[in-house]
Each structure stands twice: as C-alpha cells, then as structure tokens.
Amino acid sequence: MIGLAYAMTGEIESILKTTDAKLLEMVSGVPIYEVAPGILAFAGGVGKVNAAMSTQLFIDRHHPDWIINAGVAGSFLDLPIGTILLADSFIQHDVDTTAMGDPIGMVSTVNKVEFPTDEVERARAILDGLGVSYQVGKVATGEAFMTKGERADWVAKTFSPALCEMEGGAIAQVCLRNQVKFTALKSVSDRLCQENNAEEYFNYGEAMEKLNAVVLPFAQALGE
C-alpha cells in the first residue's frame, strides 16, 4: 500500500475531484482518503511537528509499504515556477546542536544529517516512463516559510539544497525509524536567492493540479 503525504487538504483537492476518492477516517484532525486501489492520501498539517505526528499516525493505522511526500517548495536554483523535482535526500536546516560538538543539521537519536530517499533510480525510471520533465536534488526542511534574505542565503551556502519546504525532512525521519520506504515529489512555488524573483509566483491550484497529475500515476507504478 502507498501513502501520499500532503500538508494541506487543498493540495489533495485535484485528486479528490478527478477520482472516486472517499474519506476513510478523520483521526486527531488528520483526514485520510482512499484515492485509488491501494493508495491512500492524508493531509497532516503545515510544519515538521504536524508532518511527523500525522505520518506516525498513518503508519500505525495503515501500515504502508511506501510513503510519497507531495507538495510545493521554494527553489534555491534558477528553476521555472512549476518545475517538478524528485528528491534524492532531505536535510533539516533548523536543527543545530553544534554547541554539543555535533555537525550542523545532525538529528540526534538517528544521528544523521542527510536522509536519503529510497530507490531513486527506480523512481527516475518511472518518471521517464511517464514522460515527465523533472529535476533531481536535495531538499531542505525547516519550521519557517522561507523568503529571500539572510536565512535563505545561509541555508543555501551551508547545505546546498535545490529546494526548501516545511515537512519532507520530518516525514523522511519518521519513515526511517519505522522502516517504511520514502520518496518525495515537489513542485517549485517560488524562487529564493535570485535577483529577478520579486513578483514571480505561480497559480497554486494549477501547480498542484499539475503535480498531482504526476503523483497518482507515479504512485500506481511504484506499487506495481
């Protein structure tokens, strides 16, 4: 079984409108939908705490083989708005125990800075087979909606990620500890660290519809 992890219910809306999706349950404020045979989707909330809580809840109740995190993210690279990125790893840019002698970004308990996604080459082959144009890269996660400025510049310099968002690193950590396979597909929502991005934003609904048009067939192929 495949689980699709979103932050907000609105991000799943285009799938709900184009499939025979049904709400299975609402648990601790987390809606869980059946969107296709063998594929469930849940909206856990914005930020790392919501993402971790909802992912653990979903794993405990539905025992997925894979979880796919889908959503939007800001880009540190010169990528067009709406570009789809397959994450090959995540870091958490707001974790700092360097005062204890740890490297920046190291998450204790699991003692990792980078959280690789699973079977990247297989994921790439699926996207290639679907004829999807995409990029591959690292994603930074943290408890802030990143905007252009000193913090964004520091994250870019310190970790060299392609994108930045608020949930994926937490989901990756929970999946690792539960031995559930994990991958993520992101759509570029805005561009960080460029001089020409001041008024450049995408249409949210259209971007999510484009991403979800990829996510569902990707999940179906992954489950085969």
Side-chain angles (χ1 to χ4, degrees), residues 1-46 50-73 82 84-88 90 116-134 136 139 165 167-168 170-187 204-224:
M1 194 271 288
I2 306 290
L4 306 181
Y6 292 86
M8 298 176 288
T9 303
E11 293 179 324
I12 315 176
E13 186 174 357
S14 62
I15 289 181
L16 301 181
K17 289 181 175 179
T18 57
T19 67
D20 294 325
K22 62 180 179 179
L23 179 66
L24 289 183
E25 56 181 350
M26 177 77 75
V27 187
S28 299
V30 179
I32 301 174
Y33 302 89
E34 183 179 39
V35 298
I39 301 176
L40 305 184
F42 64 98
V46 175
N50 283 324
M53 183 277 287
S54 60
T55 301
Q56 187 64 61
L57 180 153
F58 183 81
I59 290 172
D60 289 344
R61 296 181 73 86
H62 295 283
H63 313 289
D65 302 297
W66 281 85
I67 285 183
I68 303 169
N69 175 219
V72 297
I84 291 174
L85 181 130
L86 169 68
D88 58 14
F90 281 82
T117 58
D118 290 291
E119 300 188 27
V120 174
E121 291 307 313
R122 181 183 174 198
R124 293 187 67 166
I126 291 172
L127 291 172
D128 290 340
L130 293 171
V132 175
S133 176
Y134 65 96
V136 179
V139 180
E165 44 82 88
E167 294 85 27
I171 299 170
Q173 181 179 338
V174 172
C175 286
L176 174 69
R177 295 193 66 179
N178 285 274
Q179 298 181 317
V180 174
K181 290 184 177 181
F182 172 71
T183 192
L185 293 173
K186 299 290 182 177
S187 178
Y204 175 82
E206 289 183 5
M208 283 309 307
E209 186 173 352
K210 176 182 177 182
L211 179 61
N212 282 334
V214 175
V215 169
L216 191 53
F218 176 83
Q220 290 169 327
L222 197 61
E224 291 177 354

- Message: Quick check: do Leu23 and Pro31 have side-chain heavy atoms less than 4.5 Å from each other?
- Response: yes

- Taking all non-hydrogen atoms of both residues into account, name the closest pair between Ala51 and Thr55 and its distance. O-OG1, 2.7 Å

- Check: Leu185 and Leu127 side chains under 4.5 Å, non-hydrogen atoms: yes

- Item | Side-chain donor-acceptor contact under 3.5 Å, Gln56 with Asn178 | yes

- Item | More than 12 heavy atoms of other groups within 6.0 Å of Asp60 CG | yes

- Taking atom CD1 of Ile2 and atom CG of Leu222, what is their separation to the nearest 0.5 Å? 4.5 Å

- Task: Calculate, to the nearest 0.5 Å, the distance between atoms CZ and OH belonging to Phe42 and Tyr33 respectively.
- Result: 13.0 Å

- Give the ring-plane orientation class for Phe90 versus Phe182, where under 30° counts as parallel, over 60° as perpendicular and anything between as tilted. tilted

- For residues Lys181 and Asp65, determine if any side-chain heavy atom of one lies less than 4.5 Å from a side-chain heavy atom of the other. no

- Taking atom CZ of Arg122 as the centre, does the number of heavy atoms from other residues, nucleotides or ligands within less than 6.0 Å exceed 12? yes

- Query: How close do Gly82 and Lys210 get, heavy atom to heavy atom, and via which atoms?
  - Reply: O-NZ, 3.3 Å

- Query: CD/Glu121 to CG/Asp128 distance, rounded to the nearest 0.5 angstrom?
  - Reply: 9.5 Å

- Is a side-chain donor or acceptor of Thr9 paired with a backbone partner of Ala43 at a separation under 3.5 angstrom? no

- Query: In Å, rounded to the nearest 0.5 Å, how long is the span from CD of Glu167 to CG of Asn69?
  - Reply: 7.0 Å

- Should His62 and Glu25 count as side-chain neighbours, where that means a heavy-atom distance under 4.5 Å? yes

- Sidechain-backbone polar pair: Asn212 side chain, Glu11 backbone, donor-acceptor under 3.5 Å: yes

- Any side-chain heavy-atom pair of Met53 and Val30 under 4.5 Å: yes

- Task: Quick one: pull up CD1 in Ile171 and CZ in Phe58 and give me the separation to the nearest 0.5 Å.
- Result: 11.0 Å

- Any side-chain heavy atom of Ile32 sitting closer than 4.5 Å to one from Leu57? yes

- Task: Apply side chain to side chain contact (heavy atoms under 4.5 Å, CB included) to Ile59 and Ile67, showing your working.
- Result: CA-CA 9 Å; Ile59 290 172; Ile67 285 183; 3.9 Å; yes

- Task: Can you measure from OH (Tyr134) to CZ (Phe218) and round to the nearest 0.5 angstrom?
- Result: 9.5 Å

- Message: Is any side-chain heavy atom of Thr183 closer than 4.5 Å to one of Asp118?
- Response: no

- Query: Taking all atoms of both residues into account, what is the closest heavy-atom pair of Ala87 and Thr117, and its distance?
  - Reply: O-OG1, 2.8 Å

